[in-house]
Amino acid sequence: MKRREFLRNASLASSALMIPNFLRASFFGPQHMSRIGKTLVIIQLSGGNDGLNTIVPFEDDVYYNARPRLAIPKNEVIRLGNTNLGFNPVLSDLQGIFEEGEMSIINSVGYPNPNRSHFRSMDIWQTGSASNEYWTTGWLGRYLDSECRNCMPYHALNVDDDLHIALKGMQKNGFAVKNLSKIKKAAGSPYLQAISKHHHHDHDHENVEYLYKTLIDTQSSAEYLYEKSKVHTSRVTYPNHKFAKDLKQIAELMTADADIKIYYASLGSFDTHAGQRGKQERLLKNYAESVKAFIADLKQNGLFDDTLIMTFSEFGRRVQQNAGNGTDHGTANNLFLMGGQLKTAGIYNDAPNLSDLDQGDIKYQLDFRRIYADVIDQWLDGDSKQILGHSFESLNLI
Amino acid sequence: MNDWKKIKHLYLRAGFGLSQDELVSKKKSKWSKEINQILRIKDQSFELSTPQEFSSMVDGVQLQKGESDDNKEKVQKAKRLTPLVNADWVRRMATTQDPLLEKMTLFWHGHFACQSKLPNMASIQINTLRKHALGNFRDLVVAISQDPSMILYLNNQQNSKKKPNENFARELMELFTIGIGNYTENDIKEAGRAFTGWRANPIKGKAEFIERRHDFGNKTFMGKTGKFNGEDIVDIILEQKQTARFISEKIYRYFVNARINDGQVSQMTDVFYESNYDISKLMQFVLKSDWFYDDVNMGVKIKSPIELLVGMMKTLKFEFKAHRPLLGLQKNLGQVLFNPPNVAGWPGDKAWIDNATLLTRLNMPGLLLVMNHRKGGKGKNNKLRNSISDLSLDISYFQNAPAGLGDAEIASRMVDELLQGPLTVRKEVLYARLRGTTQADRNKEILYRVMSLPEYQMC
């Protein structure tokens with residue numbers, strides 16, 4: 001029996017485990033494992049976040065020379081321990097999380113023969129392919145295919161109007177929803193209810209069956225998620241913007257024990273070709289404030305030890321600033337992991353070497369799929385070799 | 001089998017379904033007449049045009065090294081015109097007298113999947129595809145290798161004798177012609193050298209052959225050695241019968257059935273190869289084959305978003321005032337022309353469907369027919385709804401059905417006209433508890449219900 005099935009059965013047997021997470025925390029203390037087990041939260045920074053102005057190499061002259069009008073002055077950087085890296089000051093909300101050992105910063109993550117198109121590079125990150133392969137399914141979708149044959153689609157929840165390819169598998173898909181009451185209304189219109197109720201199976205027409213099954217699953221998923229979203233209202237104050245609202249929604253569903261293993265959220269507009277400082281710092285501040293509230297919420301409900309948050313962007317940006325005080329598309333970038341039980345908190349590897357660039361861009365040191373492999377094997381109890389098509393050496397991160 | 005069902009199948013697959021007027025004229029027609037009608041191309045000369053503002057916007061812009069911010073801004077503005085080309089093409093699909101030609105063009109757009117950012121290059125590429133859509137496959141492949149959008153998309157822009165870039169050569173073989181496993185890595189390298197020197201001038205929308213960038217040396221490709229250029233490479237690839245097989249399979253999956261029937265694809269391969277890659281002959285063979293009309297092949301394909309959208313435009317005779325809603329619908333449905341997920345194109349079939357795209361599909365008729373007069377509300381979907389409200393729509397054929405027919409007969413009639421596979425819900429669901437008091441209103445409600453069925457997604 002798989003662990004989660006065991007937990008589900010156990011929860012039926014034991015009335016103590018029937019207590020929802022948000023109450024359980026106060027009964028058993030925050031160390032108690034949540035009934036839903038480990039949860040993965042992916043945060044995608046779309047548009048190519050400039051990693052160098054996020055985690056600043058403040059001891060590196062090359063950085064300051066390449067960015068006369070864009071670099072973060074050394075005296076403003078928030079130092080990260082005794083390292084040569086520091087936070088952009090707008091990330092001050094993450095300082096406590098870093099110091100508590102709840103954040104790993106992994107530098108120079110990328111892949112061979114990097115592609116500088118947003119579209120293509122995001123495709124590579126979401127499918128988990130090499131840059132000369134074109135895959136039609138996503139890495140998390142394939143996880144659902146192999147590990148989650150009987151799960152409902154909401155088992156991997158994409159907080160968005162469209163389903164990203166990352167959550168599309170061959171047989172199974174994740175579930176996309178931005179606004180729960182809206183989707184409940186759209187899926188549950190009287191007419192759509194009537195046709196799913198009065199549908200009779202037609203085994204000669206596999207695709208029609210597939211459409212009805214998707215419709216019926218969508219209706220019950222929308223219903224389920226909507227009900228779960230009403231169970232618990234967060235007691236943490238979140239900042240007032242969309243991304244924070246998405247994270248709040250996730251925290252509320254987690255606290256309500258919704259049977260969701262993977263959440264996928266995104267924050268956009270990092271494509272800062274011109275006038276970067278103001279734009280990027282607004283977004284980063286938004287990110288840091290929201291994540292801080294989210295983590296506080298998870299801690300309050302005893303969920304943080306069972307949560308892994310991974311933040312990535314499709315690429316970093318050019319080391320040299322451009323004439324418009326912005327930066328153009330680059331390659332390797334930093335990636336963050338956050339959680340209550342990280343094996344390797346802190347700065348995982350050396351700061352990018354800005355004196356050894358590839359056409360003005362940071363050379364990748366770690367393939368992003370090695371991180372995926374650890375997430376799949378160590379966190380999701382999956383088989384990374386099967387899901388990624390190759391075996392990738394573990395980084396021993398999680 | 002009756003002619004009517006075959007005619008519907010023919011127009012759904014070789015075109016985009018039937019308009020209201022066509023429903024009237026084709027119902028009593030003969031298949032033998034319609035097959036010739038659809039195969040005879042009436043206007044091969046139609047071309048999409050580049051929006052007029054484009055040339056004034058980018059006049060004198062040089063997109064070479066060291067482009068200025070001023071230039072970049074002009075180009076950004078020009079890129080915003082590309083959706084106009086997209087909408088023009090969609091409208092053409094809905095109104096053309098040559099549905100097969102447009103359907104083939106759409107097929108090749110998915111096959112030679114390519115992102116076009118500038119409006120001039122988008123229209124040029126589609127015109128090139130249309131020109132050869134039913135012509136010779138060799139000419140089509142050569143033309144696409146010299147197409148400015150493709151040159152930029154697959155990095156032939158950077159492919160020179162000094163620094164070869166093999167991206168185009170790799171995809172040419174893997175995805176466009178012969179398929180993976182039928183060539184070596186060395187073949188890719190050598191083919192890459194043969195395509196050196198072709199560059200795009202994005203603003204002019206032209207490709208140019210720059211002699212000094214071309215590698216005129218000997219190449220060894222698929223066992224042959226010579227001073228090959230790109231056309232020679234295409235010829236050598238097409239000598240392999242596997243290329244005819246690869247394309248036949250893809251056409252089979254697109255036009256006949258996502259599940260391959262080996263024997264039928266072999267027949268197609270022979271026809272295609274022996275005709276020296278005549279696309280028109282291949283399509284004639286398919287559309288005239290008995291097996292094309294087999295029950296296992298009818299009503300079993302999930303319409304692509306474009307097929308669905310264009311089909312609805314024909315059924316409902318609808319037209320938006322602006323072009324934005326046509327783009328918005330494509331995005332929500334999961335297929336935006338000129339913007340395939342990657343060079344492998346749209347995977348199609350079940351991959352079109354997830355919870356979000358399915359709900360968009362099933363709620364679209366409601367948005368168009370029922371809610372199009374309502375406005376208000378915030379948020380993305382309401383924005384879409386508001387822009388959808390600026391539409392004109394004419395469903396007189398369905399509303400003015402012959403007098404004396406009751407709701408049940410009307411429902412049966414629409415099922416017959418608009419669905420190709422069997423109905424899998426109780427028919428009463430289509431006319432139970434209608435709200436309308438006039439027959440015209442009731443017919444409109446039945447129409448909405450039929451088009452909101454999962455069965456309507458099939459062709």
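Letters go in sequence order (proteins before strands), and every chain restarts at 1.
Residues A:Gly174 and B:Asn355 approach most closely at O-OD1, 4.0 Å, considering heavy atoms. Between B:Pro454 and A:Leu211, the closest heavy-atom pair is O-CD1, 3.4 Å. Among all heavy-atom pairs drawn from A:His198 and B:Arg426, the shortest one is ND1-NH1, 2.9 Å. When every heavy atom of B:Leu453 is checked against every heavy atom of A:Tyr191, the shortest pair comes out as CD2-OH, 3.4 Å. Across all their heavy atoms, A:Asp202 and B:Pro422 have their closest contact at OD2-CG, 3.4 Å.
In this structure, B:Leu362 CG and A:Ser189 OG are separated by 8.5 Å, a value rounded to the nearest 0.5 Å. With rounding to the nearest 0.5 angstrom, the CG atom of B:Asp295 is 9.5 Å from the CG atom of A:Asp204. Between the CG atom of B:Leu152 and the OG atom of A:Ser117 there is a distance of 12.0 Å, given to the nearest 0.5 Å. Taking CG from A:Asn132 and CD from B:Glu166, the interatomic distance works out to 8.5 Å, rounded to the nearest 0.5 Å. How far NZ of A:Lys213 is from CD1 of B:Ile353: 13.5 Å, rounded to the nearest 0.5 Å.
A donor-acceptor distance shorter than 3.5 angstrom exists from the side chain of A:Asn207 to the backbone of B:Val300, with no hydrogens or angles considered.
The closest side-chain donor-acceptor pair between B:Asp354 and A:Asn173, if any, does not fall under 3.5 angstrom. A donor-acceptor pair shorter than 3.5 Å can be found between the side chains of A:Tyr134 and B:Glu171.
Here the side chains of A:Lys197 and B:Val429 are not in contact, with every heavy-atom distance at 4.5 Å or above. Looking at B:Leu358 and A:Tyr212, their side chains never come closer than 4.5 Å, going by heavy atoms from C-beta outward.
Counting non-hydrogen atoms of other residues, nucleotides and ligands closer than 6.0 Å to NZ of B:Lys117 gives a total of 12 or fewer. Counting heavy-atom neighbours within 6.0 Å of A:Met170 CE, excluding the residue itself, gives a total of 12 or less. No more than 12 heavy atoms of other residues, nucleotides or ligands sit less than 6.0 Å from atom NZ of A:Lys245. The environment of A:Asp358 atom CG is dense: over 12 non-hydrogen atoms of other residues, nucleotides or ligands sit within 6.0 angstrom.
For chain B, the nearby part of A:Leu192 is the side chain; its heavy atoms alone come within less than 4.5 Å. Only the side chain of A:Tyr210 comes within contact range of chain B, judged by heavy atoms closer than 4.5 Å. Only the side chain of B:Leu359 comes within contact range of chain A, judged by heavy atoms closer than 4.5 Å. Of the two parts of B:Leu423, only the backbone, made up of N, CA, C and O, holds a non-hydrogen atom closer than 4.5 Å to a non-hydrogen atom of chain A. With a 4.5 angstrom heavy-atom cutoff, B:Gln115 touches chain A only via side-chain atoms. Neither the backbone nor the side chain of B:Arg433 has a heavy atom closer than 4.5 Å to any heavy atom of chain A. Heavy-atom distances place both the backbone and the side chain of A:His199 under 4.5 Å from chain B. With a 4.5 angstrom heavy-atom cutoff, B:Asn155 does not touch chain A via any of its atoms.
Of the listed residues B:Pro341, B:Ala344, B:Ala356, B:Ala432, the one with more heavy-atom pairs under 4.5 angstrom with chain A than any other is B:Pro341. Top candidate by heavy-atom pairs under 4.5 Å with chain A, chosen from B:Thr357, B:Ile180, B:Asp349, is B:Asp349. Among the candidates B:Gln457, B:Arg170, B:Glu174, the residue making the largest number of heavy-atom pairs closer than 4.5 Å to chain A is B:Arg170.
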| Which is it for B:Arg259 and A:Glu206 under the side chain to side chain contact (heavy atoms under 4.5 Å, CB included) test, yes or no, and what are the steps along the way? | CA-CA 11 Å; B:Arg259 261 192 211 164; A:Glu206 182 207 332; 2.6 Å; yes

